[in-house]
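Worksheet for the structure shown next.
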Amino acid sequence: MPPKLHMKFGGDAEPAPAPASSTSKPSSKKNDVSNKSTKQHSTSNASRAPSNVNQNNGLKRSQDGNPKSNTPSESQTSHKSEHDDSGRARKSPKLSSLDSKKSETRAPHKPGAKANDTQNAKVPYNGPSSQELQKAAKELEEIRMRLPVYHKKNDIRWDLRNNDILIINGETGSGKSTQIPQFLYTEPWCQKKLVTVEESDGTKKEINVGGMIAVTQPRRIAAMTLAQRVAAEMGSPLSKGSVRAGQPGTVGYSVRFDNQVPNGAKIKFVTEGMLLQEMLSDPNLRKYSAIMIDEIHERSMDVDLIAGFLRRLVHGDLKGRGGVPLKLVIMSATLDQGGVEAFFAKPNTRPDYVPGQNHGRIIAPDLIEQMALRNNGAQIPYIAGRQYEVKTFYEHEPKEDYVHAMLEIILMLHTQEPLPGDILAFLTGQEEIEALQAELEKYSQMLIAAVPRMEIKPLHGSLTPDQQKDAFVKVEKRFTRKVVLATNIAETSLTVAGVHYVVDGGKSKVKQYRPHLGMETLLIKPISKVAAVQRSGRAGREAVGKCYRIYTKADFKEMDEDGKPEILRCNVIEAVLKMKARGIIDVLDFPLMDSPDVVYMEKALNQLYAMGALQPDGSLTKNGKAMAKLPLPATHGCVLIAAADESADCLLEVIDILACLNTDQEIFLHPKSIEEQEEMSNTRADIYRREGDLITLLTTMQRYAADNTNRRVWCESHLISVRAMTMANAVRKQLRMQCVKLKLLKENPPADPQPFEPVTPERAEIIMKVFLKAFVRETAIMGPDGSYKTTNGKETIQVHPSSVLHGKKLEAIMFLQHVYTNKNYAKKVSSIQANWIAEQYALC
DNA sequence: GAGCACTGC
């Protein structure tokens, strides 16, 4: 029997491109009805357009066919791909479970629901009644039946009854993520089975295996909204406590800090990181009958590891599962799956497959067809998703200043194209966005009355969620066009509605690991073809659109097909630690979809050994095992364990610092005005410490935790991010709990608020020396020329302006982060003594 | 004197 089947979705039963409103998306507000005056005026030239634009005839790319006016060199046909899966509320900006609006991400709640119609519920149930849930589900049924994937229900069931692995190529919009789990959970193979298993120590016992499907997602928001959608479709309550007589929930989700899995759930949406952690404690995934990996094409480090572990598990002897097979459904939105196919096939079905050596891709163009034939031709034809045509225009020649070129294109589009139709421009980072915003705003002041107004909205990761939301708000002012200037956050994570025009700078910042420097740097690099198509697709979600690429057709052809997977770009220390924790002794030989360079791997092994995570024989030490289980980077785990040692005994303090370091946002906000700057320097006096950023963060957390009036007010007065501190507090709680579990802490620490007591300089020294155990290579000593030179590599490095030690001349520094932008910067800096460094180097 | 995007029992 062939091991698997490849499927593609789309389905010719699919209607022609339809407006979003015909799909099941939560809210697909049509753009406002354009008033006639808008259409009449907006095509007129901007007679007072900016001078430099006018000099170039401003409107360079009018489609008048005149070559002198820089007409589009080529127009491409429609871009397929990327239409939201039903129920995926990508239109809303990212929600955090830490948000106060958490409840909004829960199952549908109807105001009229009776709160007390359950008899035996342990937890008061406030959601809708089961009748109401069923009624709502019935209404959704009709929408479900229109999804392309719906008609393939029986094929998919049949295929998985006969195969263990199914690879599905479904465009977003095909409904694969929401529907396939529902097709499968009632299957005979998906039921819990009582079996005898053999433990690793040889003992045998009877346990239940299977009964649940896990669906992985790269993002929390996707896991939560998909679970919410599927729960609604199934008429199932979605929350932990909502088990009611005869009505347990069938669907749940599990993401960090938020676990909503009803007892007896059959379908569970999880983040990739969450499943990876689960695999460390339950390598055989005994709870599950099937794992579905969604969006595998995004190729995060975590998904690559999961794929490696699952491949071994599925093709293994299944002793740890009492012989119960684990079904695997791999889902991707991109066509190219030669690599994935070959990787998951049993090695003997692909003699040309060499484990761990498939850098790039092994593509056998005929492979897909062969696989389908072996499976009785069950392959499903692929057709375009629900996407409007997008015309693509290229530059004739490369642009030196692409930001300026973008400015010209945006002004051209704005003055020439009718309303409605917003513009989305892709830039590389905040700096560029702000520069272009300033320019555009300057010009928009000069537009004559006949030309619509422009509203410029920045959109990037370091904006607060509220500021991000601003970019999504439909501009209500009449005769106004919204221009969103975004980083690649708008490529996959967030979707802006109302966009008809995309301007693509063709570049983005990518993290790149440099093993000889031991540094990860952010580099501006050309995007991949896949990313370019993804970007242009953003123009065709609601109507026919246009995409202007600020690069030539030749540049496009030169682009990589795909982005490089993360595991080939980043420091693999976490990946190596997880492989070791999963019992893989020879990590260099372990087959992955793409194996990192041996140099990177050896570097990681050495680092782990130096941190005391590895035995000389290559197996994990007790500390190494603990490090793998902690939700922290390996270096931070090392620090935490060192802090628990009797000789240091500063675990609680170090947890406070690590909690602050492991938020997804900076704790300290940047003053925007001189007034803020002044107020800040007054209020922050009680938290800043001369020892540096680490002790300052410790003081911040201690002050925050000691506050018993209003933490929000406290944060605001110190110009500290409420959101970051809320997350830091959640991390702190999680770390404390895990330290109790790992027996690093004897008992739960006393609850807050505890009185604030400043850290003594002696104690501060102990704490910083604990950090030095993992960061001894991240140190620099002041040279005779007044600049810091790193001890590892003798590079010149400067203290980043965000550090409390910026501008201070110190004997030596330790830094936890470094960035290379226009200079080599050290961040999270502490003031240390040179002899501490020598002492620590001597120890390792 | 400064910032790609995700994510973790």
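Being a predicted model, the structure only gives us computed values, none of them experimental.
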For this session: Would you sort out whether Asp693(A) and Ser803(A) count as a side-chain hydrogen bond (donor to acceptor under 3.5 Å, both in side chains), showing the intermediate values?
Result: CA-CA 6 Å; Asp693(A) 298 319; Ser803(A) 170; 2.7 Å; yes
For this session: Give a yes/no verdict on a cation-pi contact between Lys507(A) and Tyr402(A), requiring under 6.0 Å between NZ or CZ and the six-membered ring centre and an angle within 45° of the axis.
Result: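 Yes, Lys507(A) lies over the aromatic ring of Tyr402(A).
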Nucleotide nearest [X] (side chain, heavy atoms from C-beta), chosen from [options]:
X: His806(A); options: dC6(B), dG8(B), dG1(B); result: dG1(B)
X: Met274(A); options: dG8(B), dG1(B), dC6(B); result: dG8(B)
X: Arg220(A); options: dC6(B), dC9(B), dT7(B); result: dT7(B)
X: Tyr825(A); options: dG3(B), dC9(B), dG8(B); result: dG3(B)
X: Arg219(A); options: dC6(B), dG1(B), dC9(B); result: dC6(B)
X: Arg256(A); options: dG3(B), dC9(B), dG1(B); result: dC9(B)
X: Val255(A); options: dC9(B), dT7(B), dG8(B); result: dG8(B)
X: His800(A); options: dG1(B), dG3(B), dT7(B); result: dG3(B)
X: Pro801(A); options: dG1(B), dG3(B), dC6(B); result: dG1(B)

Problem set entry | Whichever of Lys823(A) and Arg569(A) has its nearest DNA chain B nucleotide further upstream toward 5' |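 Upstream on the strand: Lys823(A).
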Exercise. For DNA chain B, whose closest nucleotide is more 5', that of Gly429(A) or that of Lys578(A)?
Worked result: Gly429(A)
Exercise. Hey, does the side chain of Ser300(A) come within less than 4.0 Å of dT7(B)'s phosphate (OP1/OP2), counting only N and O?
Worked result: no
Problem set entry | Side-chain N or O of Gln734(A) closer than 4.0 Å to phosphate OP1/OP2 of dG8(B) |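 Indeed not, no polar side-chain atom of Gln734(A) lies that close.
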Without decimals, in angstroms, what is the distance between [X] [atom1] and [N] [atom2]?
X: Gln798(A); N: dG1(B); atom1: CD; atom2: P; result: 8 Å
X: Tyr253(A); N: dG8(B); atom1: OH; atom2: C1'; result: 16 Å
X: Glu574(A); N: dC6(B); atom1: CD; atom2: C1'; result: 15 Å
X: Asn571(A); N: dC6(B); atom1: CG; atom2: P; result: 21 Å
X: Asn259(A); N: dG8(B); atom1: CG; atom2: P; result: 12 Å
X: Ile221(A); N: dT7(B); atom1: CD1; atom2: P; result: 9 Å
X: Gln738(A); N: dC9(B); atom1: CD; atom2: P; result: 7 Å
X: Leu632(A); N: dC9(B); atom1: CG; atom2: P; result: 10 Å

Describe the nucleic acid contact of [X] in one word from base, sugar-phosphate, nothing, applying a heavy-atom distance below 4.0 Å.
X: Glu278(A); answer: nothing
X: Ser508(A); answer: nothing
X: Glu272(A); answer: nothing
X: Lys629(A); answer: base
X: Leu280(A); answer: nothing
X: Thr487(A); answer: sugar-phosphate

Exercise. So, Ser300(A) and Glu272(A): side-chain donor and acceptor under 3.5 Å apart, yes or no?
Worked result: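 Yes, side-chain donor-acceptor contact under 3.5 Å.
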Seminar exercise, completed: Interatomic distance, CG@Leu630(A) vs NZ@Lys741(A), rounded to 0.5 Å, equals 11.0 Å
Exercise. Has Lys827(A) got more than 12 heavy atoms of other residues, nucleotides or ligands less than 6.0 Å from its NZ?
Worked result: yes
Exercise. Is there a side-chain contact (heavy atoms from CB on, under 4.5 Å) between Arg549(A) and Ser536(A) once you walk through the steps?
Worked result: CA-CA 9 Å; Arg549(A) 293 183 171 159; Ser536(A) 57; 3.3 Å; yes
For this session: Could you tell me whether Lys457(A) and Asp470(A) have a side-chain N and a carboxylate O separated by less than 4.0 Å?
Result: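 Asp470(A) and Lys457(A): salt-bridged.
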